[in-house]
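Everything below concerns the one structure shown next.
FYI, side chains are in, hydrogens and waters are out, and symmetry mates aren't considered; it's all heavy atoms of this structure. Count residues from 1 along the sequence.
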Amino acid sequence: MTQSNEPNEYDRQFRHLNRRLERLEDTQISPQEFSRAFDRVYAEFAGVNSRIDRVA
């Protein structure tokens with residue numbers, strides 16, 4: 001993948017994770033399950049941020 005395409009891939013990943021967070025906020029789940037799902041999404045954000053840091 002070329003460097004010019006990398007930001008687009010990161011943008012796509014962040015948009016996908018943001019949609020997941022929005023769906024979590026709209027669902028009727030227990031607070032514990034919401035917290036676990038939220039933690040999983042933020043772990044994915046951390047992974048993307050880590051990859052961005054390595055590229056930058």
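- Glu44 has its side chain within reach of Arg20: a pair of non-hydrogen atoms, C-beta onward, lies under 4.5 Å apart.
- One finds the CG atom of Asn18 at 13.5 Å from the CD atom of Gln13 (value rounded to the nearest 0.5 Å).
- A search for salt bridge (Lys or Arg N to Asp or Glu O under 4.0 Å) contacts involving Glu33 returns nothing, not counting sequence neighbours.
- Rounding to the nearest 0.5 Å places OG of Ser35 at 10.0 Å from CZ of Arg40.
- Applying the ring-ring contact (aromatic ring centres under 6.0 Å, His included) rule to Phe14 yields the partners Phe45; only residues at least two apart in sequence or on another chain are considered.
- Between Arg19 and Glu22, none of the side-chain N atoms (NZ, or NE/NH1/NH2) sits under 4.0 Å from a carboxylate O, so this pair counts as no salt bridge.
- For residues 47-56, the set of pairs meeting the salt bridge (Lys or Arg N to Asp or Glu O under 4.0 Å) definition, not counting sequence neighbours, is empty.
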